[in-house]
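Worksheet: one structure, shown below.
Computed from a prediction, not measured in an experiment: that's the story for all the values here. Order of the sequence lines sets the chain letters (A, B, ...), proteins ahead of strands, with each chain counted from 1.
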Amino acid sequence: MRVDLYAALKKYFGFSSFREGQEEVIRDVLQGKDVLGILPTGTGKSLCYQLPSKVMGGTTLVISPLISLMVDQVKQLKSSGFQSVTALNSFMDKEEKQKVMNRLHAFSLVYISPEMLQNQRLQQRLQHMNIKLFVIDEAHCISQWGHEFRTDYLKLDQTIDLLKNPPVLALSATATPEVQQDIMNKLRRPHMKKRIYPMDKQNISLAVEEHLSPEEKTERIIEVLTKNQAPTMIYFSSRQWAEKVSFELRDRLKQRVAFYHGGMEQTDRMLVQQQFMNNQLDVICCTSAFGMGLDKKDIRIVIHFHLPPQLESFIQEIGRAGRDGEDAVSLLLFTRQDHHLPQRLIQSELPEKKDLNRIFSFLQKEREVPEDEDIMERFQLSESQWNFVKFKLEEEGMIRGRWHQKVPSAIQQKIEQSLENRWVYKQNKLTEMMKWIYETDCRRTSLYKPFQEVIRKPHVPCCDACDFKLDELSFCEDYKEYKKSSWEERLSLIFSQGVLL
DNA sequence: CGTCTCTATCCTTGAAGAACGTTCATGCAGCCCGAGT
């Protein structure tokens, strides 16, 4: 198929040139290749499937991890003139869903969650459609969330088969070679065309500091944010701490501070995010719930109050700073005890060997698989722990719906082995993170080395091991600009962004 | 000495009620039946 890509780009999107990587990915996709695209945030990953979808016709299916991401995308596309776009999700009422389902073939872009994709009715519907392209947005979720947390991410390969193997495009902003391989393995597409672009941020200075206690960390944050006033994110691994520190900061800083985590009401979450976007809040104390799909360009400071469980998470989180290309800073604060928290999180995520054995012998006796809640209650398992076991049993064909078999010892051993591997993997990831915080050589080099061969020279002071001194830093954002604007301007800003629900 | 933890989606298999499109499978015990000794 010969297409004038530039004409199409101009016609449908109004741009006259591509950003780095877009054209290469699109050409591969149009040639029907399976593509793994790792493009840095802000390069417009969505264009990589939106343009092909226009050119190829038929339907492009986009797997997306968050309803809010899907809704944003659909809203944005519709406002720029793309009509045949939809997002199937649980927020739709029955009627609307039925309506969309009946004319699903008429949509050129369909956004959907991996969970909903497992719906049998939907699968049957999709089987008889002309699916031209299967896109996985935020594809690192396959590797990062698929194994325990959202195991439906590991079932995508089966669905792709069911759809008679359309070309697959997996997109992400951060993936180590290891994660890239895992994505390809889990999709059972070992020969994807790799389009990998550097992800080291040349405008972020890195600093790590050891402290003696959480209180000392808090004092340090107050010190830094008193001197530097600019949009700031502070990452926590605990909801409680996020709230606690946000109250403390609210009392003692000039800046407007709020917290954000997954335990909050949807409406509160949206409110906080919108306020932060509109510069009505300066500092957000958040857990990892905040960030994916966040498109604020002028975040200047990202602070880590706790240790992320792996370097990938850390890189993703600091990558939210300085998307406008201007100078930004990452500061990680740790104490000698801090590895306990990620350690406990790993434990709560994976079952133990004895849990496995108890489940196996239970299935030996029982006829039916109980409801998820019942089995979790019975064996005192977290959702992730049961998800892990359940998926492994399904993968081996031991469970299908309500039915199950007695698990032969060979398969028991196989599952035990994969559990063991997973423990080792997670443990190693944490160790890698720990090693990095005690690193004495250049932090930039050691941080990005696992991701890419060549690390580019930063445009800003590099890191605290090189030439960066946090105490000499002085961000002083000018908030006047916003405060001056009239209520009409502010209102139109709010309307143009739109709100979910 | 005791502390004590993150991330999201979906309610899918219905069965007597209007609007194209589609249609399928699991494990196992126990029973019946017919063939071979």
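When heavy atoms are screened at a 4.0 angstrom cut-off, A:E349 is found touching base atoms of the nucleic acid. Backbone-only contact: A:L341 has heavy atoms under 4.0 Å from sugar-phosphate atoms and none from a base. Residue A:T287 is classed as a sugar-phosphate contact, given heavy-atom separations below 4.0 Å to backbone atoms only. No contact: A:G401 has no heavy atom under 4.0 Å from any strand. In this structure, A:H404 reaches the sugar-phosphate backbone alone: every heavy-atom distance under 4.0 Å involves primed, P, OP1 or OP2 atoms, never a base. The residue A:L66 sits close only to the backbone: its heavy atoms come under 4.0 Å of sugar-phosphate atoms, none of a base.
If you measure from atom CE of A:M398 to atom C1' of B:dC28, you get 14 Å, rounded to the nearest angstrom. Rounded to an integer number of Å, the gap from A:D338 CG to B:dC4 P is 14 Å. Straight-line distance from the NZ atom of A:K97 to the C1' atom of B:dT12: 8 Å, rounded to whole Å. Whole-Å rounding puts the A:H261 NE2 to B:dA8 P distance at 12 Å.
Exactly one of A:H304, A:H261, A:H306 qualifies for a ring pair (Phe, Tyr, Trp, His ring centres under 6.0 Å) with A:Y235. That residue is A:H304. Screening A:T176, A:V179, A:T174, A:I196 for a side chain to side chain contact (heavy atoms under 4.5 Å, CB included) involving A:I38 leaves a single residue, A:I196.
Applying the 4.0 Å criterion to OP1 and OP2 of B:dT23, one finds that A:Q124 has every side-chain N and O outside that range. Between A:R121 and the phosphate of B:dC10, there is no side-chain N or O to OP1/OP2 separation shorter than 4.0 Å. At the phosphate of B:dC6, neither OP1 nor OP2 sits under 4.0 Å from any side-chain N or O atom of A:S313. Considering only side-chain N and O atoms, A:R239 lies under 4.0 angstrom from the phosphate OP1 or OP2 of B:dT7. Taking 4.0 angstrom as the limit, A:S348 places none of its side-chain polar atoms (N or O) nearer than this to OP1 or OP2 of B:dT5.
Look at B:dC20: its glycosidic torsion is within 90° of 0, and that puts it in the syn range. Annotated as anti: B:dT26, whose glycosidic dihedral deviates from 0 by more than 90°.
Taking 4.0 Å as the cut-off between side-chain N and carboxylate O, A:E432 and A:K429 count as a salt-bridged pair.
Annotation: B:dT23 and B:dT12 have their C1' atoms spaced 16 Å apart (nearest Å). Between B:dG30 and B:dG34, the two P atoms lie 23 Å apart (nearest whole Å).
Taking both residues in full, the closest heavy atoms of A:S313 and A:Q144 are given as OG-NE2, 3.9 Å, listed atom of the first, atom of the second, then distance. Between A:A258 and A:V272 the shortest heavy-atom distance is CB-CG1, 4.2 Å.
Stacking of A:F149 onto the six-membered ring of B:dT7 is present: less than 5.5 angstrom between centres, less than 30° between planes.
Below the 3.5 angstrom threshold, one finds no donor paired with an acceptor across the side chain of A:E95 and the base of B:dA19.
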